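Everything numeric here is computed off the predicted structure, so don't read it as measured data.
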Number of protein chains: 2
Amino acid sequence: MRVIVAEDQGMLRGALSALLDLEDDIEVVAQADNGEQALELIQALQPDICLLDIEMPKMTGLDVAEKVKASGLPCKVVILTTFSRSGYFQRAMRAGVHGFLLKDSPIEELSASLRTVQLGGRAVSPALALTFWDTENPLTSKEQEILKLIAQGLSANEMAKELFLSSGTIRNYVSEILQKLDAKNRIDAIAIAEKNGWLV
Amino acid sequence: MRVIVAEDQGMLRGALSALLDLEDDIEVVAQADNGEQALELIQALQPDICLLDIEMPKMTGLDVAEKVKASGLPCKVVILTTFSRSGYFQRAMRAGVHGFLLKDSPIEELSASLRTVQLGGRAVSPALALTFWDTENPLTSKEQEILKLIAQGLSANEMAKELFLSSGTIRNYVSEILQKLDAKNRIDAIAIAEKNGWLV
DNA sequence: CCGGCTTTATGACATTTGTCATCTCAAAAT
DNA sequence: ATTTTGAGATGACAAATGTCATAAAGCCGG
């Protein structure tokens with residue numbers, strides 16, 4: 001099967017590609033170190049499967065997966081990610097991906113999963129099983145927007161300017177966010193959101 | 001040469017080990033997924049070289065490197081890390097490591113560097129060259145301690161309890177930290193420290 | 001058209017943060 | 001023995017943060 005590997009960390013990308021290429025039935029036809037490049041390569045080379053990291057420059061693996069689905073490309077998508085965050089997983093499922101693997105899994109799982117997916121099956125890291133249902137992101141899209149600004153260290157006033165709102169309104173939103181996330185303060189809120197994958 | 005690979009991310013650890021093992025002159029005698037285990041294995045198996053990730057559970061790769069040096073073990077140390085943070089690099093140099101590689105480098109660099117180190121040389125990722133001199137950590141150890149608590153989202157009062165200081169003193173320290181780092185607020189300070197590798 | 005929902009705004013308030021100048025006390029340095 | 005230094009404390013203050021109740025305006029579905 002023809003595979004594309006997209007992963008921004010050079011060493012991991014190289015190592016995975018090299019190992020996959022050693023398998024008789026797998027051929028790595030291209031590598032990408034960012035999401036945009038990955039998408040172009042998928043369109044150009046029409047591989048059977050693309051292996052996508054989530055946290056990549058320019059476009060996340062989830063963005064790419066959604067575009068692949070939207071444009072009806074036949075390429076099957078397998079997501080490869082560092083953290084077991086339910087937010088990531090849910091978004092991936094909604095994008096109709098065929099596999100979702102943790103970088104923490106043993107390397108043997110990778111080629112096995114690719115084969116499963118190639119045969120029409122789905123492959124999910126066993127470690128994910130527990131994280132399945134919990135924690136839908138409770139924040140509205142405006143709240144998420146504000147939380148991202150908080151994470152950049154902006155003050156209420158700065159956010160107000162950025163979003164053309166009054167600083168009072170911003171403080172109300174922040175207050176709402178803290179309550180929804182059950183956070184003690186801004187820093188706590190960032191940590192909680194990050195852990196759940198709500199800051200992608 | 002006999003090598004130990006310590007890296008908490010299973011897939012990378014497996015992939016690197018597998019690839020290194022394919023080389024005729026390299027034998028991976030053990031793998032560790034945390035710092036403590038790595039140190040034990042180094043003591044028990046006396047490998048020629050250990051390849052250490054920095055961010056690992058229980059003990060960071062830098063901690064391990066320092067212990068190896070302190071106990072006079074003959075094992076040469078090669079650090080492998082995600083980010084090019086001068087704080088990491090400086091601490092590693094002080095611990096007398098023989099190699100310092102970025103996970104972003106191409107995979108070929110790895111075995112080449114191990115050979116260089118085995119022959120008594122030093123191997124540093126070229127990408128590091130620029131980051132060499134700047135940014136010694138300006139914070140005292142107490143300030144660093146407090147910054148870590150800040151990063152955990154503690155309020156001044158909570159920190160005061162934790163460290164048996166008055167909350168006023170804590171606020172003085174925080175104020176100092178912000179000035180030294182030229183940060184606008186706590187969140188900004190965390191970001192700056194993180195970028196420079198001062199939160200290990 | 002009405003009632004409910006959402007978005008935004010306001011004002012009042014308590015708490016927390018951040019800044020500064022100043023003070024004590026003990027340990028180090030001279 | 002006296003100065004210097006450093007860690008810690010205090011108090012006063014301005015600014016930012018967090019909480020709440022309330023209200024205006026707009027939109028949407030029935």
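- Here the side chain of B/S175 pairs no donor or acceptor atom with the backbone of B/R171 at under 3.5 angstrom.
- Looking at B/S113 and B/T116, their side chains never bring a donor and an acceptor atom within 3.5 Å of each other.
- Side-chain N/O atoms of B/S175 include one lying less than 4.0 angstrom from OP1 or OP2 on C/dT19.
- Closest to the B/N185 side chain, of the nucleotides C/dA9, C/dG18, D/dG18, is C/dG18.
- Minimum atom distance to the side chain of B/N157 is reached by C/dT16, of the listed C/dG18, C/dA9, C/dT16.
- For B/E55 and B/T60, the side-chain atoms include no donor-acceptor pair closer than 3.5 Å.
- For B/R171, the listed nucleotide lying nearest its side chain is C/dG18; candidates were D/dG8, C/dG18, D/dG18.
- Using a 4.0 Å cut-off, no side-chain N or O of A/Y173 falls inside it from OP1 or OP2 of C/dT7.
- If you check D/dG18, C/dT10, C/dG18 against the side chain of A/T169, the one that comes closest is C/dT10.
- In terms of phosphate contacts, A/S155 brings no side-chain nitrogen or oxygen within less than 4.0 Å of OP1 or OP2 of D/dA16.
- One can find a donor-acceptor pair under 3.5 Å joining the base of D/dT10 and the side-chain atoms of B/N172.
- A close approach under 4.0 Å does not occur between any side-chain nitrogen or oxygen of A/S166 and OP1 or OP2 of C/dT8.
- Under 4.0 Å is where a charged nitrogen must lie from a carboxylate oxygen, and between B/D63 and B/R91 at least one such pair does.
- Closest to the side chain of A/Q179, from the set D/dG18, C/dT8, D/dC20, is D/dC20.
- When the side-chain nitrogen and oxygen atoms of B/K142 are compared with OP1 and OP2 of D/dG8, one or more of them lie within a distance under 4.0 Å.
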